[in-house]
Student: 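My questions will all concern the structure given below.
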2 protein chains.
Amino acid sequence: MNLSTPLTRPSLHEELVTRLREAIVQGTLAPGAKVPERELCESLGVSRTPLREALKVMANEGLVVLESNRGARVSNVTMEELEAAFPVIAVLEGLAGELACARASDDEIARIALRHRDMFRHYEAGNRPAYFQANRDIHDALMAAARNPVLAQHYTMLSSRVERARLLANVSDSRWAEAVEEHHDILAALEARNGARLRDLLTAHLNNKLAALKKALS
Amino acid sequence: MNLSTPLTRPSLHEELVTRLREAIVQGTLAPGAKVPERELCESLGVSRTPLREALKVMANEGLVVLESNRGARVSNVTMEELEAAFPVIAVLEGLAGELACARASDDEIARIALRHRDMFRHYEAGNRPAYFQANRDIHDALMAAARNPVLAQHYTMLSSRVERARLLANVSDSRWAEAVEEHHDILAALEARNGARLRDLLTAHLNNKLAALKKALS
DNA sequence: ATGTTGAATTATGAATACAATTTGAAATGA
DNA sequence: TCATTTCAAATTGTATTCATAATTCAACAT
């Protein structure tokens with residue numbers, strides 16, 4: 001048990017941030033939709049104050065935009081934003097990979113390898129949702145293995161902004177095959193603990209993902 | 001005049017975030033100090049609501065920590081945090097350099113070069129504050145030249161967290177000389193628009209800075 | 001019929017009020 | 001004297017209120 005943390009129960013606005021973030025990433029709160037303050041207050045059973053605090057935080061992260069005297073809207077997923085965000089995510093993931101090679105336990109690497117095999121199976125079965133989930137798990141596990149909370153924090157912010165793009169367009173089958181290929185290399189570099197190579201592979205992987213999105217959305 | 005923007009006056013809490021961030025970076029609000037809510041409200045002439053909204057946002061950025069029922073404290077600058085944050089800043093600056101090489105106007109590069117010459121003069125004169133200022137200007141200008149708002153946003157968050165370290169320890173003269181040397185190379189790579197090289201130089205520059213800080217603080 | 005005006009309604013931004021928790025010092029006892 | 005307990009004051013987290021800006025919609029003019 002952890003006795004160093006002084007037993008701090010999460011504040012209302014933090015829980016709201018978490019739940020709203022999920023709702024936005026999942027698409028329950030659609031991009032561009034205005035956030036109905038009063039309604040949410042009622043359904044969540046809180047007053048406006050903590051909800052509004054949560055909205056300020058999410059606005060700072062770019063998940064919502066605040067229009068003065070007109071309330072909050074879920075931010076739109078634009079091509080411009082994706083083009084800006086992806087290169088940043090790419091270098092962050094690259095760094096995560098590099099650090100993970102240096103710091104991950106053998107056990108962690110084994111677990112990531114296992115998840116890879118799951119993912120490959122989902123690909124063979126053509127099961128996109130399961131593939132996506134496994135893919136996310138892998139990236140999250142890698143981030144955890146990097147043991148850098150600052151990195152993880154910014155990664156979380158950015159991926160929640162971008163994750164929603166998957167709802168906009170399915171990538172082509174050919175890109176899917178390519179991505180799987182890339183993941184074979186990624187796993188190999190991780191298992192070899194080749195940090196520099198894994199970094200470059202991950203950065204390229206993300207940049208390729210952006211290119212594919214661009215194509216799918218044009 | 002710009003008529004496309006729908007005439008939006010900045011909200012109170014946003015202004016507060018900006019001002020509090022400055023106060024924290026500048027050291028007016030010292031690391032570890034608790035944020036006196038009532039006092040700040042009076043001196044800033046606002047009520048608690050917008051101030052508290054600002055504090056939530058800054059807590060999300062890591063500039064303050066919220067202790068439940070015990071209010072906000074300015075976060076401490078720990079070695080652990082610096083070790084986590086610097087590598088992230090390093091890759092972000094690297095990306096900024098790479099993008100700047102591709103996107104900066106000749107004019108922008110010329111201005112950055114000019115600011116470099118200022119900075120070199122301040123070094124020769126042994127004027128640390130002026131050197132720091134010029135140094136910051138250079139990094140900010142580079143970031144602006146990268147034309148990536150997402151990158152800039154995260155860079156701002158991170159550097160405000162880390163900037164305060166300069167108040168903790170003066171780097172050694174030998175490291176100072178080294179940093180100046182590195183900046184000569186950085187400028188050269190930028191003027192040659194050699195993106196890959198500038199990226200690597202900047203990343204290394206930041207990582208060296210961390211190493212120097214580690215030495216100075218031990 | 002279509003477009004415009006303006007009062008009523010609603011929603012928002014900020015201030016204030018209230019309840020719960022923490023703090024700190026006086027009072028008590030060893 | 002020193003530790004412990006108790007209780008008031010202060011501070012915080014959340015709810016509510018208030019003033020103002022935006023929206024809606026019916027009445028009117030074109």
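Just so it is clear, the model here is predicted, and its values are computed rather than measured. Letters go in sequence order (proteins before strands), and every chain restarts at 1.
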Student: Rounding to an integer number of Å, can you tell me how far A/E53 CD sits from D/dT12 P?
Tutor: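 Value for this atom pair: 13 Å.
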Student: Tell me which nucleotide among D/dA15, C/dG13, D/dT12 gets nearest to the side chain of A/R52.
Tutor: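 My answer, after comparing the listed nucleotides, is C/dG13.
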Student: Can you check the B/N69 CG to C/dC18 P distance for me, whole Å?
Tutor: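 My rounded result for the distance is 20 Å.
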Student: Output yes when at least one side-chain N/O atom of A/R38 is less than 4.0 Å from OP1 or OP2 of C/dA11, else no.
Tutor: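 Indeed, a polar side-chain atom of A/R38 lies that close.
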Student: Using whole Å, what does the distance between atom P of nucleotide D/dT12 and atom CG of B/L55 come to?
Tutor: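 Answer to the nearest Å: 10 Å.
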Student: When the distance from CG of A/L12 to C1' of D/dG13 is rounded to whole Å, what number comes out?
Tutor: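 Computing the A/L12:CG to D/dG13:C1' distance gives 8 Å.
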Student: Could you tell me how far apart B/L51 (CG) and C/dT16 (C1') are, to the nearest whole angstrom?
Tutor: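 Checked: the CG to C1' distance equals 15 Å.
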Student: Taking only Lys NZ, Arg NE, NH1 and NH2, and the carboxylate oxygens of Asp or Glu, determine whether A/E15 and A/R19 approach each other closer than 4.0 Å.
Tutor: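 Judged by the 4.0 Å cut-off on N to carboxylate O distance, A/E15 and A/R19 do not form a salt bridge.
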Student: Using whole Å, report how far CG of B/L66 lies from P of D/dT11.
Tutor: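 It is 18 Å, rounded to the nearest whole Å.
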Student: Taking only residues two or more places apart in sequence or in another chain, which ones pass ring pair (Phe, Tyr, Trp, His ring centres under 6.0 Å) with A/H122?
Tutor: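 Checked A/H122 against ring pair (Phe, Tyr, Trp, His ring centres under 6.0 Å); zero matches.
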Student: I want to check one thing: is the phosphate of D/dT11, taken as OP1 and OP2, less than 4.0 Å away from some side-chain N or O of B/R70?
Tutor: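 Negative; the distance criterion is not met.
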Student: If I take atom CG in residue A/L40 and atom C1' in nucleotide C/dA11, what distance separates them, rounded to the nearest angstrom?
Tutor: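 From A/L40 CG to C/dA11 C1': 14 Å.
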Student: Before accepting this row, confirm whether a basic side-chain N of the pair B/R21/B/E61 lies closer than 4.0 Å to the acidic partner's carboxylate O.
Tutor: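 Judged by the 4.0 Å cut-off on N to carboxylate O distance, B/R21 and B/E61 do form a salt bridge.
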Student: Please compare A/K34 and A/T49 by the position of their nearest nucleotide in DNA chain C and report the one closer to 5'.
Tutor: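 Its nearest nucleotide lies further toward 5', so the answer is A/K34.
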Student: Any salt bridge between A/R111 and A/D106, counting N to O under 4.0 Å?
Tutor: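 Looking at A/D106 together with A/R111, the answer is no, because their closest N to O distance does not fall below 4.0 Å.
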Student: Rounded to the Å, how far apart are A/E67 CD and C/dG13 P?
Tutor: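 Whole-Å distance recorded here is 10 Å.
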Student: Choose from C/dG13, D/dT12, D/dT11 the nucleotide whose nearest atom is closest to any side-chain atom of A/R48.
Tutor: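 The listed nucleotide nearest to A/R48's side chain is C/dG13.
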